[in-house]
Undergrad: 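Here it is, the structure in full.
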Amino acid sequence: MSAPVLVSSPPAPQSVPVGSLPAVSVQEAANTGQHSSSGLATAGFRTARYLLEEWQQGSYTAFYRAAADRDSSERARAQDKQLAAEAEARAQRSQADGTRKLGERLLDIHYWRSELARESGELAAETELLLQQRDRLERALDTSEIPLSIASDNLQCRERRQGAELVRDGVEVELLQEVELIRNIQELLKRTLEQTIQQIRMNRAAKETLEMDWSDKVEAYEIDDKNGRYNNQSTEIQFHPNSSKYEDNTTTPDSWAQFSHDNIYKAERERLASINLRSLIDNILQDTSQDMRTQCGAVDHAFAKRCEEVEDARNKLEMHLKKTLGEIGDQENNIAFLKQAIKDKEAPMKVAQTRLYQRSYRPNVELCRDPVQFRPYSGIIISFPHRRISFENVGLCAHTTTMELKMIRML
């Protein structure tokens, strides 16, 4: 840039000093008196030549006018040079100021471009972490189907219990609680998954806004950087008559900076929401996993306790079954013993019946109902292992039927 030129400078010196000009003296014109030749006869036209004094006076007047016009022209040229120098200096200052402001503008653009790139990178990294959390939620949701199917199968299998075994025990209560818990967990995971997908969309929308703003900043930086390299000796410069007009969609520096600030603020807000959501997902997965493990332990404990109860009942039933079977065997032996004892009494029964039969043929009054007739087996006692049967009060006669004999045998 050329050296600065002062706007105000002393006036340029005159080319002809004032003292060198001839003095102007006013002399009375000759031949103009009362007795001169310029009388009434010569009125209206000049018949004589100029006098020498008139010629000298005219020359001096022309000299003076020429010197004055030349001095005015020199002053005008000096002013023009001064104006040109001032215009040149003003143009140089304006160009330097424009270059300086372009540099400042480049710094501002570079700052916001860097901030946009930084926030866009952080948001992209956060979105990637949120995608991993989404995959964890999907795997957890798919994995929860396995314990749900196991618990449902257990409930269906327990419905096939027979008789009194179809009881609502602690195992069934814990299985129903496990099924309800898993279904509630699945609903929670589904809602969290939908919220995660929505947050991913918002992160991507904010990232797209940042990238568009960043792309505009990059293009503007390239344009201003190219403009900052232009100078008076550049070969690409040319006239553009309509370049100084304002477009309708132009912005102010404050609104320009506020636009990028708002984009970064929105991106930071979405990034913080994504971080909080990731923390919430970690807590949900940890809590749901712990709840399912706790419920699984409760179901296992209920199964173990119920198995112990069933095992104890089965052992007791087997013991009582064994004793009952033994008692049945002893009772069968007792029945066989009783049958043999009854069989052994057939001969005395025959003797008694034969006696009664023979006594029925006693003649006339001899057919008496004496004590022999009613108590033929007085004092006969049959002993058995568990009870004693006495025939002391049992009367036998010739008319004793077979049914009565069977009843006696049962006794």
Undergrad: For D69 and R65: C-alpha separation, side-chain torsions, deciding distance, then whether salt bridge (Lys or Arg N to Asp or Glu O under 4.0 Å) applies.
TA: CA-CA 6 Å; D69 292 339; R65 290 178 179 176; over 6 Å; no
Undergrad: Are the side chains of N232 and I237 in contact, using a 4.5 Å heavy-atom criterion?
TA: no
Undergrad: Sequence neighbours left out, what passes side-chain contact (heavy atoms from CB on, under 4.5 Å) with K339? Give chain and number order.
TA: I335
Undergrad: Is the CZ atom of R229 crowded by more than 12 outside heavy atoms at less than 6.0 Å?
TA: no
Undergrad: Does the side chain of Q199 come under 3.5 Å of the side chain of N203 through a donor N or O and an acceptor N or O?
TA: yes
Undergrad: For E119 and N263, test the side chains for any donor-to-acceptor distance below 3.5 angstrom and give the result as yes or no.
TA: no
Undergrad: So for atom CD, which belongs to E138, do other residues, nucleotides or ligands contribute more than 12 heavy atoms lying within a distance under 6.0 Å?
TA: yes
Undergrad: Roughly how far apart are R118 CZ and I264 CD1, rounded to 0.5 Å?
TA: 7.0 Å
Undergrad: I'd like to know if R314 and E311 make a salt bridge, using a cut-off of under 4.0 Å between side-chain N and carboxylate O.
TA: yes
Undergrad: Does one side chain, of E194 or Q198, offer a donor that lies under 3.5 Å from an acceptor on the other?
TA: no
Undergrad: Walk me through whether R362 and D370 qualify under salt bridge (Lys or Arg N to Asp or Glu O under 4.0 Å).
TA: CA-CA 12 Å; R362 290 177 296 170; D370 52 7; 3.6 Å; yes
Undergrad: Does the side chain of Q258 come under 3.5 Å of the side chain of D254 through a donor N or O and an acceptor N or O?
TA: no
Undergrad: Identify, with sequence neighbours excluded, every residue that meets ring-ring contact (aromatic ring centres under 6.0 Å, His included) alongside Y361.
TA: Y357
Undergrad: Any sub-3.5 Å donor-acceptor pair from E54's side-chain atoms to L51's backbone N or O?
TA: yes
Undergrad: Spell out, as yes or no, whether a donor-acceptor pair under 3.5 Å connects the side chain of S260 to the backbone of A257.
TA: no
Undergrad: If you measure only the distance, is there a donor-acceptor pair under 3.5 Å linking the side chains of Q133 and D282?
TA: yes
Undergrad: Just by distance, no angles: are the side chains of T252 and S255 close enough, under 3.5 Å, to form a donor-acceptor pair?
TA: yes
Undergrad: Please report the C-alpha distance between R306 and E309 in whole Å, then the side-chain angles of each, then the deciding distance to 0.1 Å, and finally whether the salt bridge (Lys or Arg N to Asp or Glu O under 4.0 Å) criterion is met.
TA: CA-CA 5 Å; R306 184 60 180 170; E309 293 176 353; 3.2 Å; yes
Undergrad: Using modelled atom types and a 3.5 Å cut-off, is there a donor and acceptor pairing between side-chain atoms of D312 and backbone atoms of E308?
TA: no
Undergrad: Can you spot which of F259, W214, W256, Y221 makes a side-chain contact (heavy atoms from CB on, under 4.5 Å) with W112?
TA: W256
Undergrad: Tell me whether R105 is salt-bridged to D108, with the criterion being a basic N under 4.0 Å from an acidic carboxylate O.
TA: no
Undergrad: Kindly compute the distance separating CZ (R134) from CD1 (I200), expressed to the nearest 0.5 Å.
TA: 5.0 Å
Undergrad: Indicate yes or no for a side-chain donor-acceptor contact from Q295 to the backbone of E174 under 3.5 Å, with no hydrogens or angles considered.
TA: yes
Undergrad: Give the intermediate values and the outcome of salt bridge (Lys or Arg N to Asp or Glu O under 4.0 Å) for residues R161 and E172.
TA: CA-CA 12 Å; R161 292 176 295 174; E172 185 173 355; 3.6 Å; yes
Undergrad: Got a second to check how far Q132's CD is from L137's CG, nearest 0.5 Å?
TA: 12.5 Å
Undergrad: Can you give me the closest heavy-atom contact between V171 and A302, atom names plus distance?
TA: CG2-O, 3.2 Å
Undergrad: Ignoring hydrogens and angles, tell me if any N or O in the side chain of N184 forms a donor-acceptor pair with the backbone of E180 under 3.5 Å.
TA: yes
